[in-house]
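Worksheet: one structure, shown below.
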Amino acid sequence: HAATAEAPLVLASVALAGFDLDEADGQLSRARKAAEANGWAVLVAQARAGQGRLRLVRYLRRRDSLELTRARADLAAAIDFLEEGAVAWTEELDPGELYALAAAACALGGNQKDALTTLSRGEQRVPVQNVVSRATLSLGRAFVEKRDFPSALAWFTRRRFARTTVLWTAL
């Protein structure tokens with residue numbers, strides 16, 4: 001039964017990785033609707049995180065500030081879920097990625113202070129043992145601070161994290 005939300009989340013992730021934004025949007029809407037109807041909080045959070053990524057990409061394509069505002073709201077909702085439940089990491093919902101993308105959205109909107117605060121929150125909450133999450137936070141910090149971004153991105157490129165590399169290169 002949970003596949004009514006899980007399957008569209010996977011399909012949305014594939015579509016988003018290929019920048020098929022309309023397909024990703026439709027799948028995310030289906031997933032969120034099923035997750036909300038069944039009270040599956042973690043799947044709602046996953047859908048919100050996906051919508052945040054989608055809206056960041058839409059912002060890059062259209063430069064519509066409303067998409068950036070919505071991206072921040074969706075990413076913040078997913079972060080709130082993790083913080084309220086004291087969840088350190090799930091395979092589908094990486095907190096390092098959420099904090100880093102939320103910070104990038106703030107920076108793209110011209111709010112450097114909130115971007116740095118978001119990164120600091122992530123750095124305080126994500127355990128050092130979560131190597132990929134911490135590397136993503138470092139990538140977010142390099143992006144926000146406009147320093148050594150190519151080196152931070154190279155960590156992901158060397159390890160063939162294609163989705164991360166493509167998304168952050170687009171940012």
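FYI, side chains are in, hydrogens and waters are out, and symmetry mates aren't considered; it's all heavy atoms of this structure.
Applying the ring-ring contact (aromatic ring centres under 6.0 Å, His included) test to pairs two or more places apart or on separate chains, those with a residue in residues 24-70 are H1-W40. Residue pairs meeting the ring-ring contact (aromatic ring centres under 6.0 Å, His included) criterion with at least one partner in residues 10-32, sequence neighbours excluded, are absent. Listed by first and then second residue, the salt bridge (Lys or Arg N to Asp or Glu O under 4.0 Å) pairs involving residues 39-53 are R48-D74, R53-E97 (not counting sequence neighbours). Sorted by first then second residue, the ring-ring contact (aromatic ring centres under 6.0 Å, His included) pairs that include residues 104-126, not counting sequence neighbours, number zero.
In this structure, the side chain of R55 does not engage the main chain of R72 through any donor-acceptor pair within 3.5 Å. The closest donor-acceptor contact from the side chain of Q112 to the backbone of V144 lies under 3.5 Å. The main-chain N or O of A34 is found under 3.5 Å from a side-chain atom of N38 such that the two form a donor-acceptor pair.
L93 and L11 fall into different hydrophobic clusters, where Ile, Leu, Val, Met, Phe, Trp and Tyr are joined by side-chain heavy atoms under 4.5 Å apart, directly or via other members.
Looking at L139 and W155, their side chains never come closer than 4.5 Å, going by heavy atoms from C-beta outward. Contact annotation: the side chain of R141 approaches that of R147 to within less than 4.5 Å [non-hydrogen atoms, C-beta and beyond].
Ion pairing between a basic and an acidic side chain is recognised when a charged N comes within 4.0 Å of a carboxylate O; E67 and R61 show no such pairing.
Looking at residues two or more places apart in sequence or on another chain, you find a salt bridge (charged side-chain N to carboxylate O under 4.0 Å, His left out) between R121 and E83. In terms of the salt bridge (charged side-chain N to carboxylate O under 4.0 Å, His left out) criterion, R30 has no residue partners (sequence neighbours excluded).
Other residues, nucleotides and ligands place no more than 12 heavy atoms under 6.0 Å from the CZ atom of R160.
Between W168 and F156, a ring centre-to-centre spacing not shorter than 6.0 Å is recorded.
Under the side chain to side chain contact (heavy atoms under 4.5 Å, CB included) rule, T169 has a single partner from T165, V166, L167, L171, which is T165.
Under the 3.5 Å distance criterion, with hydrogens and angles disregarded, no donor-acceptor pair is assigned to the side chains of D114 and T117.
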Between E123 and R134, is the salt bridge (charged side-chain N to carboxylate O under 4.0 Å, His left out) condition met? List the steps.
CA-CA 7 Å; E123 290 161 350; R134 296 298 291 207; over 6 Å; no
